[in-house]
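One structure below.
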Amino acid sequence: MVRTRFAPSPTGYLHIGGVRTALFCWLFARKHGGQFILRIDDTDQERNVEAALAPILEGLKWLGIDWDEGPGIGGPHAPYYQSQRADRYRAAVEKLIASGHAYRDYATTGEIQAEREAAQAEKSSFVYSRRFMAETPDDCKRFEAEGRQGVVRLKMPREGVLVLNDLIRGEVQFDWAREQDHVIQRTDGSCLYHLANVVDDEDFEITHVIRAEEHLSNTPRQVFMIQALGYRLPQYAHLPFVAEPGSKTKLSKRKLDKYLKNKDFADLVERGRKIAERIGHPTEADAFNPVIVDFYESVGYLPEAIVNYLALLGWSLDDKTEHFTIQNLIDNFSLERVGKSPASFDCQKLWAFEDRHFQLLPLRKKLELAAPFLRKAGFANASKERIQAVLLAAGDRIKVAGDILAFDEFFLRDGAFPYDEKSLEKHLKKDEAWELLKKFRDRLAAADPFDVPALEKLMHDFTAAENIKTNQIIHALRVAVTGKSVGLGLFDTLAILGKAACLARIERALGMIGIC
RNA sequence: GGCCCCGUCGUCUAGAGGCCUAGGACACUGGCCUUUCACGCCGGCAACACGGGUUCGAAUCCCGUCGGGGUCACCA
């Protein structure tokens, strides 16, 4: 039975790189009919773990990454919070000491630091002298009598080579002598991450440790503990990390300002902001950030699009398949086809995936996704029929659910929507287009039925009678009924609004430029 | 700096000795279509980091160089 795990730390947000790791773990488990476990790395968290965890769990759920054991559902190996497993870790520490694989150490941080610096001065690599290593209970008493406080350190081998077989990297070798005597238990008795990690993976029967590449260098100390404790060695797979847009540096939540200088990234934020502001979603830099998954959910991206994009960031099936449903991904995923080099986050490509997935949605589904945005923006009375008509006419102009708000002219009251000054100037005032508009208004008033084919014919007859080109009237008409110079197809626009609204709006537009 | 990882178009990638005058996608770009915007269609630009080997033949194997990144905590 394959068992993988994702172990987020309760930080209050779900990082896009972290999600990619979680996704790969999850896909691998699902592909092999195995289980995916969620464990919470909160060994150093003080309080508010639940609050800081909520956005993470919510993000995973939104993306469809579900877990078989962990927060909210428990499981046979509960608890799944490291903060609640301290006794397990202490027992492991005792066992390591008893077997001689770890020791109590009474050096102060200053003393360790001094040794480290001395080594650096000599340009040799630091190896702790073990000067304050306690080998017997008497040693402990002696050091403690001096007022020293003890930690527990790993007694790492000082010779030999570790050969690791990574499922993605292949064979990787490490010299044991380069490893430090890492601390595994603090003076206050609490245990550190690496120890906890090893104990939990054993307790939870994790078979495949799939994690980011940054953990590759800490693998030796973990393997050391696993072997010392007599645990079963899991298979390792170290994923390349997700890099900054246009760079190979690891993507970080903290560098928003830097990423904003990247045009594509800034565009992505801007597009999102237009929507977020309309629905009252906070857009402060910290909360509104494409590096955090919540960003996508808040403006109406499709989870399957994000998943599809993320899956291809480091993994590929072949030389042409790009579009995947989640089930497709599960069926085809394999660690063998994960690349080794870091993949940089490409905003435009993400956008393209969103577009493609969104256009494939049936109208019913688009309605379901777009309606809440209208509601949140204050258009509580927008009718289902009207929304559907706009959605249909908009076609791929709407790429994320929140984009429906760009077509608010269909949901605003006839006498209340704003006119774009420049468009008014350019298309209504200039060349006395308003004169044509007045004439056309009269024909419009007589139109019956008021549908797209009839309106097209009406326009055709009008331009023929006036001996003008269509574009001499069409722009003025658009601005008059929508206030904007861009929008849906003109005849769709007129038909959706209906005759009464069109006439009222034309009157109002003429009034705006002083013609009555 | 030590150790480790990585290095194909701007980006994501295909490529596991001849199928590669290196394929696809996004982006960019020329044109067509067109009532705006968008779409669509046709075309274009653009890469094997470098240097040595091995081989009849290398993007693919080996060595070196250079470049990028990660990691070196009583953080996770």
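Residue numbers begin at 1 in each chain, while the letters A, B, ... track the order of the sequences.
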- [ ] Could you run through nucleotides 30-41 of chain B and give me one letter per nucleotide, 5' to 3': B if any protein heavy atom sits under 4.0 Å from the base, S if only the sugar-phosphate is that close, - if neither?
- [x] -----BBBSS--

- [ ] Determine, for nucleotides 17-23 of chain B in 5'-to-3' order, which nucleotides have protein heavy atoms under 4.0 Å from the base (write B), from only the sugar-phosphate (write S), or from neither (write -).
- [x] ------B

Rounding to the closest angstrom, what is the interatomic distance between [N] and [M] at atom [atom1]?
{"N": "B:G15", "M": "B:G24", "atom1": "C1'", "answer": "12 Å"}
{"N": "B:G7", "M": "B:A16", "atom1": "P", "answer": "16 Å"}
{"N": "B:C9", "M": "B:C4", "atom1": "C1'", "answer": "29 Å"}
{"N": "B:A46", "M": "B:G68", "atom1": "P", "answer": "27 Å"}
{"N": "B:C61", "M": "B:G18", "atom1": "P", "answer": "12 Å"}
{"N": "B:A58", "M": "B:C20", "atom1": "C1'", "answer": "11 Å"}
{"N": "B:U29", "M": "B:C37", "atom1": "P", "answer": "15 Å"}
{"N": "B:A14", "M": "B:A76", "atom1": "P", "answer": "35 Å"}

Task: A:Phe324 vs A:Trp315, ring-ring contact (aromatic ring centres under 6.0 Å, His included): CA-CA, chis, key distance, verdict - done: CA-CA 12 Å; A:Phe324 289 91; A:Trp315 174 85; 5.4 Å; yes

Under 4.0 Å, counting only non-hydrogen atoms across every strand here, what does [X] touch: a base, just sugar-phosphate, or nothing?
{"X": "A:His182", "value": "nothing"}
{"X": "A:Thr109", "value": "base"}
{"X": "A:Val172", "value": "sugar-phosphate"}
{"X": "A:Gln173", "value": "sugar-phosphate"}
{"X": "A:Glu214", "value": "sugar-phosphate"}
{"X": "A:Asn197", "value": "nothing"}

Task: Matching residue for A:Asp181 among A:Arg153, A:Lys155, A:Arg130, A:Arg221 - test: side-chain hydrogen bond (donor to acceptor under 3.5 Å, both in side chains) - done: A:Arg130

Does [X] come within less than 4.0 Å of [Y], counting only side-chain N to carboxylate O?
{"X": "A:Asp41", "Y": "A:Arg39", "answer": "yes"}
{"X": "A:Asp355", "Y": "A:Lys399", "answer": "yes"}
{"X": "A:Arg278", "Y": "A:Asp408", "answer": "yes"}
{"X": "A:Arg271", "Y": "A:Asp267", "answer": "no"}
{"X": "A:Arg85", "Y": "A:Asp203", "answer": "yes"}
{"X": "A:Glu213", "Y": "A:Arg169", "answer": "yes"}

- [ ] Determine, stepwise, if the pair A:Lys340 / A:Asp166 fulfils salt bridge (Lys or Arg N to Asp or Glu O under 4.0 Å).
- [x] CA-CA 11 Å; A:Lys340 293 180 181 151; A:Asp166 189 277; over 6 Å; no

- [ ] I would like to know whether A:Thr219 and A:Gln222 meet side-chain hydrogen bond (donor to acceptor under 3.5 Å, both in side chains); could you show each step before the answer?
- [x] CA-CA 5 Å; A:Thr219 307; A:Gln222 295 187 7; 5.6 Å; no

Task: Verdict with reasoning, A:Glu409 to A:Arg505, per salt bridge (Lys or Arg N to Asp or Glu O under 4.0 Å) - done: CA-CA 11 Å; A:Glu409 61 263 32; A:Arg505 290 179 176 204; over 6 Å; no

[X] side chain: which of [options] is closest?
{"X": "A:Lys250", "options": "B:G70, B:A76, B:C5", "value": "B:G70"}
{"X": "A:Thr187", "options": "B:C74, B:C6, B:A25", "value": "B:C74"}
{"X": "A:Glu213", "options": "B:G69, B:A25, B:A73", "value": "B:G69"}

TODO: Would you kindly check whether a donor in the side chain of A:His194 faces an acceptor in the base of B:A76, or vice versa, at under 3.5 angstrom?
DONE: yes

- [ ] For A:His215 and B:G70, say yes or no: do the ring centres fall under 5.5 Å of each other while the ring planes differ by less than 30°?
- [x]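 Base of B:G70: not stacked against A:His215.
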
Quick one: [X] [atom1] to [N] [atom2], roughly how many Å, whole number?
{"X": "A:Trp176", "N": "B:C4", "atom1": "CH2", "atom2": "P", "value": "14 Å"}
{"X": "A:Tyr81", "N": "B:A76", "atom1": "OH", "atom2": "C1'", "value": "17 Å"}
{"X": "A:Tyr89", "N": "B:C74", "atom1": "OH", "atom2": "P", "value": "19 Å"}

TODO: In sequence, state the C-alpha distance, the side-chain angles, and the governing distance for A:Glu115 and A:Tyr128, and then conclude on side-chain hydrogen bond (donor to acceptor under 3.5 Å, both in side chains).
DONE: CA-CA 7 Å; A:Glu115 285 199 18; A:Tyr128 175 44; 5.5 Å; no

- [ ] Could you list by number each residue of residues 337-349 of chain A showing a heavy-atom separation from RNA chain B of less than 4.0 Å, or answer none if no residue does?
- [x] A:Arg337, A:Lys340, A:Ser341, A:Pro342, A:Ala343, A:Ser344, A:Asp346, A:Gln348, A:Lys349

Looking at [X], does any N or O in its side chain come under 4.0 Å of the phosphate oxygens OP1/OP2 on [N]?
{"X": "A:Ser316", "N": "B:A14", "value": "yes"}
{"X": "A:Arg211", "N": "B:A76", "value": "no"}
{"X": "A:Arg186", "N": "B:C75", "value": "yes"}
{"X": "A:Ser217", "N": "B:G70", "value": "no"}

Task: Whether A:Phe353 and A:Tyr309 hold their rings parallel, tilted or perpendicular, with breakpoints at 30° and 60° - done: tilted

Open item on the list: Is it true that A:Asn218 and A:His215 share a donor-acceptor pair across their side chains at a distance under 3.5 Å?
Closed with: yes

Open item on the list: Please name the nucleotide paired to B:G40 by Watson-Crick or G-U wobble geometry with both distances under 3.5 Å, or report none.
Closed with: B:C32

